Enquirer: 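One structure follows; several queries about it will come next.
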Amino acid sequence: MRIGFYPKLAAGNIKKNGRTYFPYILTCILTIAMFYVFKSLSMNPGLKKMTGAEHLALIMMFGSIVIGLFALIFLFYTNSFLIKRRKKEFGLFNILGMEKRHLALVLGWETLYTMLFCMLVGIAIGIALDKAMFLLVGRIIGSEVVLGFFISPKVIAITAGLFGIIFLLIFLNSICQIHIANPIELVRAGSAGEKEPKTKWLMAFLGMCCIGCGYFIAITTENPMASIFAFFIAVVLVIAGTYLLFTAGSIAFLKLLRKNKNYYYKTKHFTSVSGMIYRMKQNAVGLSNICILSTMVLIMVSSTTSMMIGMDDILKTRYTSEFMVISHETEDERNREVMETVHALQKEKNFMVKNEVQYTYLDFSVFCKGDTFFIDRNAPVTAIDDSQILFFITLEDYNKAEGKQKTLNDGEILLYSNRTQYKESVLKLFDKEYQIAEKLDSFSGNGIVAANMLSAQFIILPDKEELNEICAKQKEAYGDISSSIDTFYGFDSDEEGKVQIQFFEDMKHTLKERGLDTWTESRAEARIDFAGLYSGFFFMGIFLGALFIMATVLIIYYKQISEGYDDRERFVIMQKVGMDHREVKASIRSQVLTVFFLPLVVAGVHVTAAFPLVSRLLALLNYRNTNLYMMCTIATFLVFTVMYVAIYLVTARVYYRIVSS
């Protein structure tokens, strides 16, 4: 054969199979562009000049890794649709005399054409979008963006290298599928029917059990530290259960519809239900993927959006005062020097101060079993789920700080729980039992330990004598790693942000210069890091959400095309025996609607069940505005549903054109 035969044949094959090839090529281009953008942003020198640069760079790097892994898995998955649709074509080539090695050459040229075109266009789009995305990140953060265009040869090389490897692996996988099949199997692969699948009740039961266990973990896990591990366990169980339930449960559901004579023996239902029963075994994986991707989109977009909108609430939870000074000095004279230094600086800078709060406190970590808190220095790492922080303050300081007039008798305490609620009526510590006179709804001192992932119990003691006694006992238990009684001073100001940041820098410098052992924090300065962190999360959530939506659309599109070609002969026969176009359309609508919206409904149930667990995970990041998160979740679901309906309308039309042609 002539040298140019195989390249021309490969080009003709791509053009001829445009209906299936075009969405695949478009997906490859967009995936390459997205990877390039994230990788380029993570290495852009201009990012270092933005607020929260370290957090942003880390998030962008993580996003590029996620997209790279997603591309490897998803492009393999979508390519399998192409190979399935074209096995008959390859089988005919093989029967007409073309050897397997010749088919490999054709596939090689097709892969090369696809790879080169997708890389050139994808990287070009990535370069074009890079600056726009950089400006968008700056706009989200509220940071000034340096003008200029950044093109990194290193990023281009990494992108080309990664996707070159992915296309090579896809090509090798396609060759393996063609090589192991004989010509007759290839010819029959696209049209071979399946036996009616048996109803696998055990598999359906296991699927329900997995999902039920995942839901149970998500709803009942209260300890925020345990929530991290529980989240991954619940995700694995729900994903496994979703695959099992769609594989076995969907068949059982369709057979129940078939048993319902009033529903089944109608023109629009008879053809669709009978066809789906035989094909559900191969469709179950696609439906499961749609459901899981939809769930990921809904949770990711709703959580990152709510965090971005509620950033001010997070800051106020973490930093209850705009300025916080914690003195670790153990001598009263040195403590007074800390406070006098701060007050003197306020007068010197003519810095407006309001809402001043000052108190002494003690905090240390313990383990909890029921109503008993204890210290165990030899506890295993796995016992961290039972760990909590105890935060002690005297009643006198509490009343001053909160503007209250609470009273306590001997042996009584007030208690506030910041995350895990304490349910007992008594609290035992160091062989002493305290009666809980009242459980408080809030305490401004929460900001001191809010950054700690452990739950905290804030305990208001009757007097300082009790505080000193507990301090002495924990020093005895912890030895050289024990805590001391610290002094907290917090205050607010009406000064603008830049003035506050400058005062904070002056205060830090002055305290350090005098050798005073303190820890200082400023809400205005923290806002810079928070903006970088949460804006990065928001950007990644929206970007990856768009990527997963694209994947969902493609899976649905290929599912409809695959079913359309499988059903075309059946509908042709039905029309020959009397079914008109109106009845064909009604049957198609019934078939699509029967299972098309099932993944969306199940995804909605998954998101609802995950809501308590995701809320607790957000609490670890000091996000507690549950109402806002709920509103964002509902809004995200409604927007996604509108998009899903639009996808249905488009793909149903494509399906109808295929079966009607």
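Numbers for residues simply follow the sequence, beginning at 1. Given the structure is predicted, the values throughout are model-derived calculations rather than measurements.
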Enquirer: I'd like to check Met324 versus Phe488 (side-chain heavy atoms, cut-off strictly below 4.5 Å). Are they in contact?
Expert: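 Touching, per the 4.5 Å side-chain cut-off.
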Enquirer: Quick one: list whatever passes ring-ring contact (aromatic ring centres under 6.0 Å, His included) with Tyr398, sequence neighbours left out.
Expert: Phe443
Enquirer: Answer yes or no: is there a donor N or O on one side and an acceptor on the other, between the side chain of Tyr215 and the main chain of Ala234, under 3.5 Å?
Expert: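 Not confirmed, Tyr215 side chain does not pair with Ala234 backbone.
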Enquirer: With side chains defined as the heavy atoms from C-beta onward, is the minimum distance between Tyr489 and Val342 less than 4.5 Å?
Expert: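 With C-beta onward as the side chain, the pair touches.
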Enquirer: Write out all pairs satisfying side chain to side chain donor-acceptor pair (under 3.5 Å) with one or both partners inside residues 301-312, taking only residues at least two apart or from two chains.
Expert: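 Sorted result for residues 301-312: Asp312-Arg527.
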Enquirer: If I compare all heavy atoms of Val297 with all of Gly545, which pair ends up nearest, and what's the gap?
Expert: CG2-O, 3.7 Å
Enquirer: Give a yes or no on whether the ring-centroid distance for Phe391 and Tyr361 is below 6.0 angstrom.
Expert: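 Yes, the ring of Phe391 comes within the 6.0 Å limit of the ring of Tyr361, centre to centre.
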Enquirer: Would you check, one step at a time, whether the test side-chain hydrogen bond (donor to acceptor under 3.5 Å, both in side chains) holds for Gln457 with Gln388?
Expert: CA-CA 7 Å; Gln457 304 296 337; Gln388 294 193 35; 2.8 Å; yes
Enquirer: Kindly give the heavy-atom pair with the smallest separation between Ser327 and Thr518, and that separation in Å.
Expert: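 Shortest heavy-atom separation between Ser327 and Thr518 comes out as CA-CG2, 4.2 Å.
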Enquirer: For Leu237 versus Gly214, what's the shortest heavy-atom pair and its separation?
Expert: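 Answer, listing the atom of Leu237 first, then Gly214: CD1-N, 3.9 Å.
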Enquirer: Taking Ala456's backbone N and O only, do any of them form a donor-acceptor pair with Asn418's side chain (distance below 3.5 Å, no angle check)?
Expert: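 Answer holds: yes.
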Enquirer: Closest heavy-atom contact between Glu356 and Val353?
Expert: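 Heavy-atom minimum between the residues: CG-CG1, 3.6 Å.
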Enquirer: Does Glu438 have more than 12 heavy atoms from other residues, nucleotides or ligands lying within 6.0 Å of its CD?
Expert: yes
Enquirer: First locate atom CG of Asn625, then atom CD1 of Ile309, and finally report the distance between them rounded to the nearest 0.5 Å.
Expert: 10.0 Å
Enquirer: Run the ring-ring contact (aromatic ring centres under 6.0 Å, His included) test against Phe373 and tell me which residues pass, sequence neighbours left out.
Expert: Tyr422
Enquirer: Is there a donor-acceptor contact under 3.5 Å from the side chain of Ser483 to the main chain of Asp363?
Expert: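 Pair found, side chain donor or acceptor close to backbone of Asp363.
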Enquirer: Would you say the side-chain atoms of Asp397 pair up with the backbone N or O of Thr360, donor to acceptor, closer than 3.5 Å?
Expert: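 Confirmed, Asp397 side chain pairs with Thr360 backbone.
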Enquirer: Could you check if a side-chain atom of Phe491 sits within less than 4.5 angstrom of a side-chain atom of Ser321, using non-hydrogen atoms only?
Expert: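 SC-SC contact between Phe491 and Ser321 ruled out.
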Enquirer: If you look only at distance, which donor and acceptor atoms sit under 3.5 Å apart when one is on a side chain in residues 458-467 and the other is two or more places apart or in another chain?
Expert:
unit_1	atom_1	unit_2	atom_2	d
Asp463	OD1	Glu465	N	3.3
Asp463	OD1	Glu466	N	2.9
Glu466	OE1	Lys432	NZ	3.2
Glu466	OE2	Lys432	NZ	2.9
Glu466	OE2	Tyr434	OH	2.6

Enquirer: Once you round to the nearest 0.5 Å, how far does CZ of Phe374 lie from SG of Cys368?
Expert: 8.0 Å
Enquirer: Just so I know, are the side chains of Glu424 and Leu427 near enough to count as touching, which here means a heavy-atom distance under 4.5 Å?
Expert: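 The answer is no; the side chains never approach within 4.5 Å.
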Enquirer: With a 4.5 Å cut-off on side-chain heavy atoms, are Ile299 and Val614 touching?
Expert: yes
Enquirer: Just by distance, do the side chain of Arg334 and the backbone of Glu329 share a donor-acceptor pair under 3.5 Å?
Expert: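 Checking the backbone N and O of Glu329 against the side chain of Arg334, no donor-acceptor pair under 3.5 Å is found.
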Enquirer: Mind checking the CG-CD spacing from Leu429 to Gln474? Nearest 0.5 Å is all I need.
Expert: 10.0 Å
Enquirer: Looking at CG of Leu298 and OG1 of Thr636, how far apart are the two atoms once the value is rounded to the nearest 0.5 Å?
Expert: 7.0 Å
Enquirer: Ala610 and Ala218: which non-hydrogen atoms are nearest, and at how many Å?
Expert: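 Taking Ala610 first and Ala218 second, the nearest heavy atoms are CA-CB, 4.3 Å.
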Enquirer: Go through the steps to decide whether Asp371 and Lys428 satisfy the test salt bridge (charged side-chain N to carboxylate O under 4.0 Å, His left out), and finish with yes or no.
Expert: CA-CA 6 Å; Asp371 62 359; Lys428 297 174 183 176; 3.6 Å; yes
Enquirer: Do Cys471 and Leu362 have side chains that get closer than 4.5 Å, going by heavy atoms?
Expert: yes
Enquirer: Tell me whether Lys512 at atom NZ has more than 12 heavy atoms from other residues, nucleotides or ligands lying less than 6.0 Å away.
Expert: no
Enquirer: Please identify each residue that fulfils side chain to side chain donor-acceptor pair (under 3.5 Å) with Asn399, with sequence neighbours left out.
Expert: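 Per chain and number, Asn399 pairs via side chain to side chain donor-acceptor pair (under 3.5 Å) with no residue.
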Enquirer: Check this for me: Glu333, atom CD, are more than 12 non-hydrogen atoms of other residues, nucleotides or ligands nearer than 6.0 Å?
Expert: no
Enquirer: Pairs under 3.5 angstrom only: tabulate donor-acceptor contacts from the side chains of residues 498-510 to other protein residues two or more places apart or in another chain.
Expert:
unit_1	atom_1	unit_2	atom_2	d
Gln500	NE2	Ser493	O	3.4
Gln500	NE2	Glu495	O	2.8
Gln502	NE2	Asp506	OD1	3.2
Thr510	OG1	Asp506	O	2.8

Enquirer: At their closest point, which heavy atom of Ile375 faces which heavy atom of Ala477, and how far apart are they?
Expert: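 Closest approach of Ile375 to Ala477, heavy atoms only: CD1-CB, 3.8 Å.
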Enquirer: Taking the side chain as every heavy atom from C-beta outward, state whether Ile413 and Gln435 have any atom pair closer than 4.5 Å.
Expert: no
Enquirer: Distance from Ser484 atom OG to Phe364 atom CZ, nearest 0.5 Å?
Expert: 12.0 Å
Enquirer: Examine the side chains of His606 and Thr242 and answer whether a donor and an acceptor come within less than 3.5 Å of each other.
Expert: yes
Enquirer: Would you call Thr320 and Lys316 a side-chain contact if the rule is heavy atoms closer than 4.5 Å?
Expert: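 No, every pair of side-chain atoms sits at 4.5 Å or beyond.
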Enquirer: Which value, rounded to the nearest 0.5 Å, describes the distance between Tyr359 atom OH and Asp486 atom CG?
Expert: 11.0 Å
